[in-house]
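Each ligand, and each atom within it, is numbered from 1 in the order the structure gives.
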Amino acid sequence: METYDALLAAIAPTTGQTRTILDPATGQPVGEAPVHTVQDLEQAIAAAQAAQPAWAALGHDARSAALLKAADAVERSAEELARLLSREQGKPLNGPNARFEVGACAAWLRAAAGTPLEPETVVDDGETRAELHYRPIGVVGAIGPWNWPMMITVWQVAPALRMGNAVVVKPSEFTPLSVLALVEILNQELPEGLLTAVSGGREVGARLAEHPGIGKIMFTGSTATGKAIIKSSADTVKRLTLELGGNDAGIVLPDADPKAIAEGLFWGAFINTGQTCAALKRLYVHDAIYDAVCAELTSVARAMPMGNGLNEANVLGPLQNRQQFAVVARLVDAARDSGARILLGGNPDPDQPGHFYPATLVADIDNSNPLVAEEQFGPALPIIRYSTVDEAVAMANALDVGLGASVWSSDPTEARKVAARIEAGTVWINKHGAVDPRVPFGGAKQSGYGLEFGVEGLKALGVPRVING
Ligand code: NAD
């Protein structure tokens, strides 16, 4: 018996094809997920279209009240949701992982409910009075990845609902149970048909992106899929928010204190066992403190327990799927073969069940090495030596992605000067990857476009309407 059994039963498919979802830590079955079809998608869109006008007519206050109740519902079921998430995604209950993710769902629902959005008077000069309002888009499609399946669904769904839209969610085929369970809980407080999860494969996502009944796609996932969505949404000129892949650089300035920053660097890179869009994926360290940073980081990383997520002691888990394990293994092997120095890890146990790859630190690596240039999306951090700040900034900006970045220094003024030279959607100082529902978040370059969170995030889920009289 597991605490989430009732939830699994509630989302269990009664008809149609099903798929057994396996625990990435053990290979054991977690539950049965429906394999929804394009026909199911059509029904969900029709139901959303039917439910949306009445929801829009409720107005902001009543919609916000429903979102606050939905946040309470998530909290009531927090432990069931966290345990199911841990088993399906692999992330441990503790650390910045499953319980943290479910907590973030409630926090982002409350933030979407509580952020004020007033009509703006743009010009009022006696002759012209122009006001900017936002009306609902209609039905929004939300397509998500497998790394933070519940939290990212809420990031997409909460502002969409607040703005008066209905939503059809297409979860990743790797983590459908987490999203179906979350949507089941949210629906305790929402009108029927307004929010539906359709748990199909890529063809369902592709149809959602081209469907004439959908006004906007909120997409979080790889850059390659983002490009496919731009193409398939073109004929209907859909609005898009694209949160795509990243390869975030961190620059450690020579005046940083290696011991003081080591834990922050570790979690910046290894949060969710490295499977995070805005994780630190390439670390540039000044020659003067290179060896000290490597040593401190190694001692922090060595102490972090990895294992089955349901074991309360663990803070690192398996990779969610074998494909991602293969990517990480290939990149670390290529780094080793090139002569880079493995400080820690790089030696997965072939006899261990599950997709565990140990926390891995790679030093003395060339900036052109694939482990630096490609997105590893897993627990392997390359540490590159630099000698001038100009050189570090040039290397940080050299790639065609720019989601996040960070600068580490004992001098905040100096750190801000370097931050202002970096081409990324967010540059953190002495931390990395810390998202906040009040602060806009989005990518630069091929990491995507559009902003989430805060008032900017609400505006992105409405159609601007100017009233000019
Ligand atoms: P993915 O692109 O493989 O899949 C994401 C979703 O897109 C899935 O639901 C999938 O079924 C769907 N999909 C696939 N093909 C489609 C198509 N042609 N049309 C419509 N939908 C389609 O991504 P993933 O492997 O699940 O996630 C990992 C990637 O996501 C990494 O690159 C990571 O950096 C990125 N990511 C970005 C952010 C961010 O906020 N920028 C957050 C999390 C993850």
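- At the top of the distance list for atom 27 (O) of ligand 1, counting protein heavy atoms only, stands Pro145 CB, 3.4 Å.
- Put simply, the side chain of Arg282 gets close to the backbone of Asn247: a donor and an acceptor are under 3.5 Å apart.
- In this structure, the protein non-hydrogen atom closest to atom 33 (C) of ligand 1 is Phe377 CE1, 3.3 Å.
- Residue-ligand proximity, Pro171 to ligand 1, at heavy-atom distances under 4.0 Å covers atoms 9 (O).
- Taking atom 5 (C) of ligand 1 as the reference point, the nearest protein heavy-atom neighbour is Gly144 O, 3.7 Å.
- Counting protein heavy atoms only, atom 4 (O) of ligand 1 is closest to Thr225 OG1, 4.4 Å.
- Looking at atom 36 (N) of ligand 1, its nearest protein heavy atom turns out to be Cys277 CB, 3.4 Å.
- Between the side chain of Arg99 and the backbone N or O of Glu79, no donor-acceptor pair lies under 3.5 Å.
- Atoms of ligand 1 found under 4.0 Å from any heavy atom of Glu173 (numbered from 1 in listed order, with element): 8 (C), 9 (O), 10 (C), 11 (O).
- Salt-bridge annotation for Glu88 and Lys91: absent, with no side-chain N of the basic residue lying under 4.0 Å from a carboxylate O of the acidic one.
- Backbone and side-chain nitrogen or oxygen atoms of Trp155 are examined, and none is located within less than 3.5 angstrom of a nitrogen or oxygen of ligand 1.
- Ring geometry for Trp428 versus His432: interplanar angle of 30 to 60°, hence tilted.
- For ligand 1 and Ile143, the ligand atoms under 4.0 Å from any heavy atom of the residue are 6 (C), 7 (O), 9 (O), 12 (C), 20 (C), 21 (N).
- Side-chain contact annotation: Asn321 with His355, donor-acceptor N/O pair under 3.5 Å absent.
- Protein heavy atom nearest atom 40 (O) of ligand 1, with residue, atom name and distance: Glu243 CB, 3.2 Å.
- Atom 25 (O) of ligand 1 has as its closest protein heavy atom Trp146 NE1, 3.0 Å.
- At the top of the distance list for atom 35 (C) of ligand 1, counting protein heavy atoms only, stands Gly221 O, 3.2 Å.
- Taking a cutoff of 4.0 Å between a charged side-chain nitrogen and a carboxylate oxygen, Arg110 and Glu75 qualify as a salt bridge.
- Remark: distances from the non-hydrogen atoms of Gly448 to ligand 1 are all 4.0 Å or more.
- For a threshold of 3.5 Å applied to N or O pairs, the pair formed by Ala228 and ligand 1 contains no separation below that value.
- In summary, the side chains of Lys238 and Thr236 do present a donor paired with an acceptor at a separation below 3.5 Å, with no hydrogens or angles considered.
- Less than 4.0 angstrom separates some heavy atom of Ile152 from each of these atoms of ligand 1: 42 (C), 43 (C).
- The part of Ile229 lying near ligand 1 is the side chain, judged by heavy-atom distances below 4.0 Å.
- Which parts of ligand 1 touch Glu375 is read off a 4.0 Å heavy-atom cut-off, strictly below it: atoms 31 (C), 32 (O), 33 (C), 34 (O).
- For Leu208, no heavy-atom contact with ligand 1 is shorter than 4.0 Å.
- Judged by distance alone, the side chain of Glu42 and the main-chain N or O of Thr37 form no donor-acceptor pair under 3.5 Å.
- Inclusion of Arg202 in the set of residues having an N or O under 3.5 Å from an N or O of ligand 1 is warranted.
- Under the 4.0 Å criterion applied to side-chain N and carboxylate O atoms, Arg330 and Asp333 are not assigned as salt-bridge partners.
- Close contacts between ligand 1 and Leu403 involve ligand atoms 41 (N) [criterion: under 4.0 Å to a heavy atom].
- Every atom of ligand 1 is numbered from 1 in the order shown, and the set under 4.0 Å from a heavy atom of Gly246 is 34 (O).
- Note: Phe453 and Trp155 have perpendicular aromatic rings, judged against thresholds of 30 and 60 degrees for the angle between ring planes.
- In Ala209, neither the side chain nor the backbone holds a heavy atom less than 4.0 Å from any atom of ligand 1.
- Under 3.5 Å, the side chains of His36 and Gln17 contain no donor-acceptor pair of N or O atoms.
- Between Leu461 and the choices Val140, Val167, Thr241, the side chain to side chain contact (heavy atoms under 4.5 Å, CB included) rule is met once, by Val140.
- When atom types are taken as modelled, the side chain of Thr360 and the backbone of Pro358 share a donor-acceptor pair closer than 3.5 angstrom.
- Tyr284 and Arg385 form no side-chain donor-acceptor contact under 3.5 Å, judged by distance and modelled atom types alone.
- Counting heavy atoms under 4.0 Å from ligand 1, residue Phe219 touches it through the side chain alone.
- At a 4.0 Å heavy-atom cut-off, ligand 1 touches Asn147 through the side chain alone.
- Distances between N or O atoms of Thr223 and those of ligand 1 include no value under 3.5 Å.
- A donor-acceptor contact closer than 3.5 angstrom links the side chains of Ser222 and Thr225.
- Within the listing of ligand 1, atoms 40 (O) sit less than 4.0 angstrom from a heavy atom of Phe441.
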